[in-house]
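Report on the following structure.
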Amino acid sequence: MSQVRVRFAPSPTGFFHIGSARTALFNWLYSRHTGGTFVLRIEDTDKERNSEEFLNVIYNSLTWLGLNWDEGPNVGGNFGPYRQSERADIYKEYLQKLSDAGRVYEKDGAMWFKLLGERHEVFDEHRQKTVTKVKTEPTIIEDRIRGHVERVEDEDFVIIRSDGNPVFHFVNVVDDIAMGITHVIRGEDHLSNTSKHVELFEAFSAPMPEFAHIPLILKQNGPGKMSKRDQGALVEEYQQRSYLPEALVNFICLLGWNPGDDREKMAIDEIVQLFDLPGVNQSNARFDDKKLAHMNMVYLLELPADKFLFLAGEYFKQKQLSVALSADSEYFREVMLLSQPKIKGIEELPDYTNYFFTEDFPIDEKVKTKVLGKGEPLARLAELLEVLPSMNLASDESVEAAIKNLAEVRSQGFGSYQSIARLALTGTNIGPSITGIIRVLGREKVQSRLERFST
RNA sequence: GUCCCUAUCGUCUAGCCCGGUCAGGACAUCUCCCUUUCACGGAGGUAACCGGGGUUCGAAUCCCCGUGGGGACGCCA
């Protein structure tokens, strides 16, 4: 078999969303699995709706996800240029080919592709207008995912607009031919268009690429496919929220594909090895942010400390949380590492660690009522204050030993010290181990907070 | 409306091609355990073959018809 060449062909008309990311991912995976080439082509023939900003979003998101392209903008290649807005000469040349073959005509200032067959006029109820139908043979699509599909393409269609700009169906096919694309992997929403494309490939006498139409991603709430406007649809959002790209990639690859067994968390190399077109499902999948969050946590738990620290720092910078950022770097490090095993996502960090960086942290009144209503918490607090000056804060273990010793001397449970100390030191009942909090906070802060709370 | 795709727990899915398993896993949810809070983790529970016909000794699995879901029907991509 000849070298696989696949392409991802987005148009920069809006933010980059999850569905596009998965189409890109499946193409990328297939190219990597087969040792082929992954081409990035920008379909910017709609001058009205394109923008440089959206173009940069595409580059940025693909890069963040780790989907590097072998040919395309910024990296070049032998089949360029890779932006359709720069390929006008090529389209002229191909239009000429169709023209020479007698397959185009002009109408209303636009160039139309002419289907072969008998013509007759029909009133289309749905569109409320008279259209010319052509009696054609059904086009046949041997789809790698859906199998044998037949569809009748029975109306001529515009390939060059009256303003001279070519239309998607035309440039898409021309570029796939010109760029030697062997496999067209795209969303199922294009399946109905494929009959037009097949007609064009045949008109050009070009070799037909393999088609693989992947199922769509449905929006989490409400009917229909996910679109750019839906909650949680934008890749950029996950980047800003400091999701781990590995987790997002792992999650979206499981939307419509699976390795054939129970494996879910897989390294990208493993996915590349296992991915293949026959493994792709035929039915649409609904997006589930809970499962994505879980996947993110799984990746977060095993993230190396320095990497976690870097991401945490970046997140605090992005959020411009100056108090935390101006903290001593060793202190910041300790706070973050204490929190890493406890959270589901980086974005929880500011709230989760707030009390480490300010004396002005909120007190959860419900927790306060609960803690103060049980036993003699203020007596335990006083006892903690007594032993604090001599407490060894070198490690979590030494702190733990000190409190356990105190508990034993006073015939109390560890928990009774833990709950009041946590309330006084953090204002809440959630957080890392109390011993870690005391160690990292330091004697001075612990003392002042305990004292403040006892008055 | 026409055409195309599709159908297993609430969700993602395995099983279907090559009919015979208490229909398996994960997320979510519930219970218990662990415990120094909250998480994590461990054990267990609730929970599905869309409906109707066929074919067959036997159907989630093969066929047909409904129904549901999705998509396309632009001088958007």
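Labels below follow one simple rule: chain letters A, B, ... track the order of the sequence lines, proteins then strands, and each chain is numbered from 1.
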- [ ] For each nucleotide in nucleotides 28-51 of chain B, reading 5' to 3', give B when a protein heavy atom comes within less than 4.0 Å of its base, S when such contact involves only the sugar-phosphate, and - otherwise.
- [x] S-------BBBBS-----------

Task: Under 4.0 Å protein heavy-atom contact, by nucleotide of nucleotides 59-68 of chain B - B base, S sugar-phosphate only - done: ----------

Taking [M] as the reference, what is the distance to [N] when you measure between their [atom1] atoms (whole Å, please)?
N: B/C33; M: B/G19; atom1: P; value: 48 Å
N: B/G24; M: B/A48; atom1: P; value: 11 Å
N: B/G68; M: B/A60; atom1: P; value: 24 Å
N: B/G74; M: B/C30; atom1: P; value: 48 Å
N: B/A43; M: B/U36; atom1: C1'; value: 23 Å
N: B/U61; M: B/C16; atom1: C1'; value: 4 Å

- [ ] Mind listing the residues from residues 190-198 of chain A sitting with a heavy atom below 4.0 Å of RNA chain B? Number order is fine.
- [x] A/H190, A/L191, A/S192, A/N193

Open item on the list: Within residues 11-22 of chain A, which residues have any heavy atom lying less than 4.0 Å from an atom of RNA chain B?
Closed with: A/S11

Mind checking what makes side-chain contact (heavy atoms from CB on, under 4.5 Å) contact with [X], not counting sequence neighbours?
X: A/R410; value: A/E383, A/E386, A/L406, A/Q412, A/Y417
X: A/S419; value: A/V371
X: A/P73; value: A/L40, A/I42, A/Y59, A/W69, A/Y82, A/R83

Task: Matching residue for A/W257 among A/I271, A/I214, A/N281 - test: side chain to side chain contact (heavy atoms under 4.5 Å, CB included) - done: A/I271

Task: Within residues 272-281 of chain A or reaching into it, pairs that qualify as salt bridge (Lys or Arg N to Asp or Glu O under 4.0 Å) - sequence neighbours excluded - done: none

So what's [N] paired with, Watson-Crick or G-U wobble, going by both distances under 3.5 Å?
N: B/U37; answer: none
N: B/G51; answer: B/C65
N: B/A72; answer: B/U2
N: B/U21; answer: none
N: B/U46; answer: none

Which pairs of donor and acceptor atoms, one on a side chain in residues 335-343 of chain A, lie under 3.5 Å apart (sequence neighbours left out)?
residue, atom, partner, partner atom, Å
A/S339, OG, A/V335, O, 2.9
A/Q340, NE2, A/L300, O, 3.0
A/Q340, NE2, A/L303, O, 2.9

Open item on the list: From CG of A/N165 over to P of B/G74, roughly how many Å is that when rounded to an integer?
Closed with: 20 Å

- [ ] Please determine if A/K344 and A/E348 form a salt bridge, counting it only when a charged side-chain N lies under 4.0 Å from a carboxylate O.
- [x] no

Open item on the list: Between the side chains of A/D156 and A/R119, is the shortest nitrogen-to-carboxylate-oxygen separation below 4.0 Å, so that they form an ion pair?
Closed with: yes

Open item on the list: Mind checking if A/H169 touches a base, just sugar-phosphate, or nothing, with heavy atoms under 4.0 Å?
Closed with: base

Open item on the list: Classify A/A110 by what it touches in the nucleic acid, base, sugar-phosphate, or nothing, heavy-atom distance under 4.0 Å.
Closed with: base

TODO: Measure from the side-chain heavy atoms of A/V167 and tell me the nearest of B/U11, B/G70, B/C75.
DONE: B/C75

Task: Which nucleotide in B/C73, B/C3, B/G70 has an atom nearest any side-chain atom of A/R127 - done: B/C73

With distance as the sole criterion, is a donor-acceptor pair present between the side chains of [X] and [Y] under 3.5 Å?
X: A/H197; Y: A/H169; value: yes
X: A/H33; Y: A/Q273; value: no
X: A/E43; Y: A/N172; value: yes

Task: Any side-chain heavy-atom pair of A/K196 and A/F157 under 4.5 Å - done: yes

Open item on the list: Side-chain N or O of A/Q282 versus OP1/OP2 of B/C5: is the shortest distance under 4.0 Å?
Closed with: no

TODO: For A/K114, check salt bridge (Lys or Arg N to Asp or Glu O under 4.0 Å) against everything at least two apart and list the hits.
DONE: none

Nucleotide N/O of nucleotides 14-17 of chain B paired with protein N/O under 3.5 Å:
residue, atom, partner, partner atom, Å
B/A14, OP1, A/N258, ND2, 2.7
B/A14, OP1, A/N281, ND2, 3.0

Open item on the list: Taking the cut-offs as 6.0 angstrom to the six-membered ring centre and 45 degrees off its axis, would you call A/R449 and A/F453 a cation-pi pair?
Closed with: no

Pairs under 3.5 angstrom only: tabulate donor-acceptor contacts from the side chains of residues 423-441 of chain A to other protein residues two or more places apart or in another chain.
residue, atom, partner, partner atom, Å
A/T426, OG1, A/R422, O, 2.7
A/T426, OG1, A/T428, N, 3.2
A/T426, OG1, A/T428, O, 3.3
A/T428, OG1, A/I430, N, 3.2
A/S433, OG, A/T435, OG1, 3.2
A/S433, OG, A/G436, N, 3.2
A/R439, NE, A/D396, OD1, 2.4
A/R439, NH1, A/E334, OE1, 3.1
A/R439, NH2, A/D396, OD1, 3.3

Task: Contact summary for A/V184 and A/R7, nearest pair of heavy atoms - done: CG1-NH2, 3.6 Å

- [ ] Compute the centroid of each ring, for A/F54 and then for A/F15, and state whether the two points are separated by less than 6.0 Å.
- [x] yes

